[in-house]
Amino acid sequence: MFHPATQSLRSQVRLGFWLAPCALALFVGCTQLGNPEDPGSGGEDPASAVPFTDPLSMPATPTLSTADFNSAETCAGCHPNHYEQWSTSMHAYAVVDPIWRALVNIRQEEFNGERDRFCTQCHSAIGTRAGDFDPNFSFDDIAPITLEGVTCEACHKVQSLARTYNSGHVLDPSGPIRGPIRDPAPGATHESEYSPLHDTSDFCGGCHDVLEQHGLNLERPYEEWLTSPAAEAGRNCQSCHMPIYTGVAAAVPGVPERDDLHLHRFIGVDMPLSDDFIVDDETRALLREEITTLLRSAGSIEIDTADSVLAGEQLDVFVTVRNLIDAHNLPTGATFNRQLWVSLIATDADGNVLYETGHLDDVGDLRDHFSTLDPYGDSDLIRFDSGFVDAEGNPTVFPWKAAEHISNSLSPLYARTFTLFIPTSADTRGPISIEARLRFRTFPPFLLRALGVGEFVEKLVITDIDETSGTVTVR
Ligand code: HEC
Ligand code: HEC
Ligand code: HEC
Ligand code: HEC
Ligand code: HEC
C-alpha cells in the first residue's frame, strides 16, 4: 500500500542529530558519497597530502596566459542575445559571488594559501591555469577575464575533455571557437568548428562533478545522470538547462535563422544576489520566475491518512515525497548548501496547533543542529539535502573538514514515504486540517551570517515546490 521505504520518524528522535535520517540508511537508502576512481581517494585524513597541484587544472606554474583569451565583451556586439543571457547567469557570477569568496577566504587562511587553486579551478579555469590564484592570492590582483568566471571562452575554447570531474577540460586558446553549428555562416572574427562534445552531458560533468582534494565526493549531477532514465533516452543536461529557441546565432547580416539555439541563462536553483551584479528588477523577476518554474517541475508531496480519528488517539500521517526529475537526484549539485524539507502543520477546528514540523525559528533557520535559538527543536524534520561530518563525527559546513558526506537526496523518479504522528486529546474538536509543503532554499541563514554575508539573508527565497492538504474528522 505504501512505499517500502516507509519508516517511522519516531526512531529518529532518539538519535537527536540533524542528519538522523541517514543513520537509517538501511531503510531509506541514503547515500554515502565517495569516489573510487579519484587518485586522491581514500584520504581518510582530510589533511593528508593529496597533491595541491594538477598538471591540467591546478598547474604549479602557468600553462597559459589570460592575455590569450577574449573577454565576453568582445562577443557581445555579434552575439547580443547570448551575451545578455550569460551575463545574468551563475556562470558569469562564479568569481564575484560573495558567498563563494567568503568560503575561499576561509580556506585560504586555514591552509595558508596552499590549497587556493582548488576552489578556483572551475569557477575560473582560465585564471587558475594562468597563475592568477597562486598561493595567498588577493581578489584585488586578478585579471579582468578571470573575474568573468565561467566566461564564453572557458567553454567555447574547450578542445577536448580529459575527465568528467574537477575541471577536466583541455583549453586551446589559439584554436577555433567550438560549438554546435555544423555550417557556420561567414562574418565572424573567429574561426568556427563543429564540436560534438559541446552537445554532451560529459561537457558539463567536467565542472559539475566535484571531488574534494582528499577525494570526498561533493557534487555529482553527472554521475547521477549516467545511470538515469534521461541518459538512457539520450537527453542531456542542455535539454533542460539550455532549452532551445528560434532566432539568429549572430546579429550579422546574412546569418540564417535557426530553430535550435540554446538559451544561455543556465537556469538552476540560484541567481546572482548582489545588487551591483544584476541592476534591474525586471531581469531579477524573470530569473526568479524561471527558477520557480524549474523547481516546481522537480518534485511532489502527497499525504495519506485515515478519514477519521478517535479524540485522544494518535493520527498517523504518511508523507510521500517524489523526485519528478528523470535526470538526476533531487536535490543535486551543491546539496550541502541547499535546504529541501517538508513542512507540515496540523490544526484542530479551533485553530490550535496539534503538531508542527519544518517550521523556522525566529531568525529563519530550521530547528536542526545549527539552529542557535532552538537546536534539535524539530526532531521529526524530514529533509533531502546533505551534510558533512568531520572525523570526530560532528557536523561541519566546510567540505575540507569533512570525513563523510551524508546525503538524503532522492534518486531520479524515486519516492520515499515517512510517517508522522499527530497527537489529539479528549477535547480536540474536528475536523483536523493538515497542510504540507515541500520547501526549498539555496542557503540556510545561519551559514550566510557565519560567513559574514548576512546581508543576503533577506534575499533568500523559499520556494514551495509542491503543497497539499487534507482534513480528518474527529469521532
Ligand atoms: C570541480 C569544479 C568545482 C570546484 C573544484 C569547486 N566548485 Fe564550487 N561550484 C561548482 C559548480 C559546478 C557549482 C554549481 C553547483 C550548484 O549550484 O549546485 C558550484 C557552486 C558553488 C557555490 C554555490 C554558489 C551559489 O551562490 O549558489 C559555492 C558557495 C561554491 N561553489 C564554493 C566552492 C568552494 C568553497 C570550493 C572549494 C572548496 C569550490 N566551490 C570548488 C564547481 C566547482
Ligand atoms: C564579428 C562578429 C562576431 C564576433 C565578434 C564573434 N562572433 Fe561568434 N559567430 C559569428 C557568426 C557570424 C557566427 C555564425 C553563426 C551562424 O552560422 O548561425 C558565429 C558563430 C559562433 C559560434 C558557433 C560556432 C559553431 O560552429 O558551432 C560560437 C560558439 C561563437 N560564435 C562564439 C563566439 C564567442 C565566444 C565570441 C567572443 C569571444 C564570438 N563568437 C565573437 C560572429 C561573431
Ligand atoms: C529533465 C530535466 C533536467 C536534466 C536533463 C538535467 N537537469 Fe539539472 N535540474 C533540473 C531541475 C528540475 C532542477 C531543480 C531541482 C534540483 O535541484 O534537483 C535541476 C537543478 C540542477 C542544478 C542546481 C542544483 C542545486 O541545488 O544547486 C545543477 C547544478 C544541475 N541541475 C546540473 C545538471 C547537470 C550537470 C545535468 C546533466 C548531467 C542536468 N542538471 C540535467 C532538471 C534537469
Ligand atoms: C558553461 C559553458 C558555456 C558558456 C559560459 C557559454 N556557452 Fe555558448 N554554448 C555552450 C554550449 C554547451 C552550447 C551548445 C549546446 C548544445 O549543443 O547542446 C553553446 C552554444 C553557443 C552558440 C551556438 C548557438 C546556440 O545558441 O546554440 C553560440 C553562438 C554561443 N554559444 C555563444 C556564446 C557566447 C557569446 C558566450 C558568452 C557570452 C557563451 N556562448 C557562453 C556553452 C557555453
Ligand atoms: C568551466 C566550468 C563549468 C562548465 C564547463 C559548466 N559549468 Fe555550470 N557552473 C559552473 C560553476 C562554477 C557554477 C556555479 C557558479 C557560482 O554560483 O558561483 C555553475 C553553475 C551552473 C548552474 C546554476 C546552478 C544553480 O545553483 O542555480 C547551472 C544550471 C549550470 N551551471 C549548468 C551547466 C550546464 C548545463 C553545463 C554544460 C552545458 C555547464 N553548467 C557547464 C561551472 C561550469
Side-chain angles (χ1 to χ4, degrees), residues 72-76 78-87 89-97 99-101 121-126 148-156 158 167-169 171 177-181 184 188 192 195-210 219-226 228 230-231 235-242 244-245 247 249-250 258 260-272 291 293-299 323-335 337-338 340 385 409-410 412 440 442 465:
E73 309 275 337
T74 66
C75 323
C78 295
H79 299 292
N81 295 335
H82 291 83
Y83 176 80
E84 196 197 301
Q85 294 157 10
W86 165 84
S87 65
S89 72
M90 293 305 281
H91 284 145
Y93 191 59
V95 170
V96 291
D97 187 338
I99 304 174
W100 177 76
R101 284 193 176 196
Q121 63 183 317
C122 307
H123 289 249
S124 175
I126 294 172
E148 290 183 17
V150 185
T151 182
C152 313
E153 291 200 344
C155 288
H156 288 294
V158 167
S167 193
H169 304 93
L171 286 169
I177 286 281
R178 293 178 166 89
I181 300 177
S192 298
S195 162
L197 173 66
H198 284 71
D199 193 29
T200 63
S201 289
D202 307 40
F203 178 79
C204 315
C207 282
H208 276 266
D209 277 19
V210 189
E219 299 177 23
R220 49 174 213 173
Y222 171 74
E223 206 182 283
E224 292 160 4
W225 173 85
L226 272 179
S228 72
R235 273 182 292 108
N236 59 17
C237 317
Q238 291 86 334
S239 70
C240 293
H241 293 290
M242 301 184 77
I244 56 171
Y245 65 101
R258 301 184 186 274
D260 57 353
L261 301 184
H262 298 84
L263 202 66
H264 275 53
R265 275 201 284 277
F266 299 98
I267 294 298
V269 299
D270 205 4
M271 60 186 274
I291 289 169
T293 303
L294 186 75
L295 276 171
R296 294 235 167 104
S297 74
N323 176 3
L324 299 178
I325 310 163
D326 66 358
H328 55 58
N329 286 16
L330 174 67
T332 191
T335 50
N337 285 329
R338 313 306 184 205
L340 176 64
D385 40 56
S409 77
L410 294 161
F440 179 91
T442 48
I465 290 181

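FYI, the numbering just counts along the sequence from 1. Whatever order the structure lists them in is the order used to number ligands and atoms, beginning at 1.
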Taking [atom] as the reference point, the nearest protein heavy atom with its distance:
atom: atom 24 (C) of ligand 3; value: T332 O, 3.2 Å
atom: atom 1 (C) of ligand 3; value: C240 SG, 2.8 Å
atom: atom 34 (C) of ligand 3; value: C237 SG, 3.5 Å
atom: atom 14 (C) of ligand 4; value: P180 CG, 3.5 Å
atom: atom 26 (O) of ligand 5; value: R338 NH2, 3.0 Å
atom: atom 2 (C) of ligand 5; value: C207 SG, 1.9 Å
atom: atom 36 (C) of ligand 5; value: C204 SG, 2.9 Å

With a 4.0 Å cut-off on heavy atoms, does T151 reach ligand 4?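 Flag set, T151 near ligand 4.
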Judged by non-hydrogen atoms, does [X] sit under 4.0 Å from ligand 5?
X: A125; result: no
X: F266; result: yes
X: M271; result: no

Ignoring hydrogens and angles, state whether a donor on the side chain of D199 or N236 is under 3.5 Å from an acceptor on the partner side chain. yes
Taking heavy atoms and a distance under 4.0 Å, where does N236 meet ligand 4: side chain, backbone, both or neither? neither
Where's the contact between M242 and ligand 4, heavy-atom distance under 4.0 Å: side chain, backbone, both or neither? side chain
Note, L197 side chain near V158 side chain (heavy atom, < 4.5 Å):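 In contact.
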Does E219 approach ligand 3 within less than 4.0 angstrom via side chain, backbone, both or neither, non-hydrogen atoms only? neither
Based purely on interatomic distance, does H156 place a nitrogen or oxygen under 3.5 Å from a nitrogen or oxygen of ligand 4?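 There is such a contact, yes.
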For ligand 4, which atoms, with element, lie under 4.0 Å from some heavy atom of H79? 29 (C), 35 (C)
